[in-house]
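Some notes on the structure that comes next.
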Amino acid sequence: DDLDAVGGTVIVRGTVDGDVNAVGGTVVIAETGVVTGDLTGSAGAVTVEGTVEGAIEVATGAFTLRDSGTIGGDLDIAAGEVVLNGGVGGTATVAAERLRVGSSASVDGDLRHDVGTIVNDGQVAGDVRAVDLGNTEFTGLQFTIPTWLSALYTVLAHLALGAVLL
């Protein structure tokens, strides 16, 4: 089943059989975490220490793929800072201020980037090329708000309005 999560900190320590759509201050796929689908969302910081078997498409302040982290599909990311030390099974498309591809990193596809500063010490099987991503639309960031969250928001808004009127 898919996981839709909204919170200050979202941590996946087990297996999610499906996609993870997360919005939070911090999103972590722990070393023991496995996502069999895709990871999409936005957060102040996203860290992948475990496995995402599908693709990742996120907007974040900082994205880190640790040595133990693997991404089976493509990586599409808009961030302030991106650090790659693990494996990316597809193409990595990165729009960021800073990109560091560490010596333990591997990208099986191309590395397309629109960054201010890049350090590439890793292994990239495809082409490494600068591209203009200024008008690129990251379509996976469409986040569906769960029904219960909409209902909760409505109740809280009515309570706040009632408190103001009193």
Side-chain angles (χ1 to χ4, degrees), residues 1-96 99-102 104-115 122-128 131 133 135-153:
D1 290 334
D2 292 347
L3 172 64
D4 294 321
V6 177
T9 301
V10 176
I11 302 174
V12 175
R13 290 192 175 99
T15 299
V16 176
D17 283 325
D19 297 336
V20 172
N21 302 301
V23 175
T26 303
V27 175
V28 178
I29 307 300
E31 196 164 345
T32 57
V34 176
V35 177
T36 63
D38 299 335
L39 170 63
T40 59
S42 62
V46 176
T47 302
V48 177
E49 301 169 344
T51 302
V52 176
E53 294 177 358
I56 293 181
E57 189 168 340
V58 294
T60 181
F63 178 85
T64 303
L65 177 62
R66 302 235 189 259
D67 294 8
S68 58
T70 59
I71 302 166
D74 292 340
L75 171 64
D76 293 313
I77 186 159
E81 181 174 14
V82 176
V83 177
L84 303 178
N85 287 313
V88 178
T91 293
T93 304
V94 179
L99 168 61
R100 174 161 176 66
V101 182
S104 60
S106 65
V107 178
D108 292 347
D110 293 342
L111 174 59
R112 302 173 49 215
H113 64 86
D114 185 352
V115 298
Q123 301 295 318
V124 178
D127 294 331
V128 177
V131 294
L133 298 174
N135 294 322
T136 300
E137 180 179 334
F138 287 94
T139 57
L141 298 180
Q142 299 168 355
F143 188 80
T144 303
I145 303 296
T147 305
W148 64 267
L149 187 59
S150 293
L152 177 63
Y153 175 79

* Asked: Quick one: are R112 and T91 in side-chain contact, heavy atoms under 4.5 Å?
  -> yes
Between [X] and [Y], what is the shortest heavy-atom contact and its length?
X: G90; Y: D74; value: CA-OD1, 3.3 Å
X: R66; Y: E49; value: NE-OE2, 3.5 Å
X: I11; Y: T9; value: CG1-CG2, 3.7 Å
X: G33; Y: I29; value: O-CG2, 3.9 Å
X: V27; Y: A22; value: CG2-CB, 3.9 Å

* Intermediate values then yes/no, side-chain contact (heavy atoms from CB on, under 4.5 Å), L65 and I56 -> CA-CA 11 Å; L65 177 62; I56 293 181; 6.0 Å; no
* Using salt bridge (charged side-chain N to carboxylate O under 4.0 Å, His left out) as the criterion, list what pairs up with D110, not counting sequence neighbours. =>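 D110: salt bridge (charged side-chain N to carboxylate O under 4.0 Å, His left out) contacts with R129.
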* Structure fact -> Across all chains, not counting sequence neighbours, the side chain to side chain contact (heavy atoms under 4.5 Å, CB included) partners of D67 are N85, S104
* Just jot down the side chain to side chain donor-acceptor pair (under 3.5 Å) partners of T51, sequence neighbours excluded, or say none. =>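 Checked T51 against side chain to side chain donor-acceptor pair (under 3.5 Å); matches are T70.
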* Asked: Quick check: does any side chain N or O of D2 sit under 3.5 Å from a backbone N or O of G18, one acting as donor and the other as acceptor?
  ->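 Not a single qualifying donor-acceptor pair exists.
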* For the pair T60 (side chain) and G44 (backbone), establish whether a donor and an acceptor sit closer than 3.5 Å, ignoring hydrogens and angles. => yes
* Verdict with supporting geometry, F63 and V94, side-chain contact (heavy atoms from CB on, under 4.5 Å) -> CA-CA 10 Å; F63 178 85; V94 179; over 6 Å; no
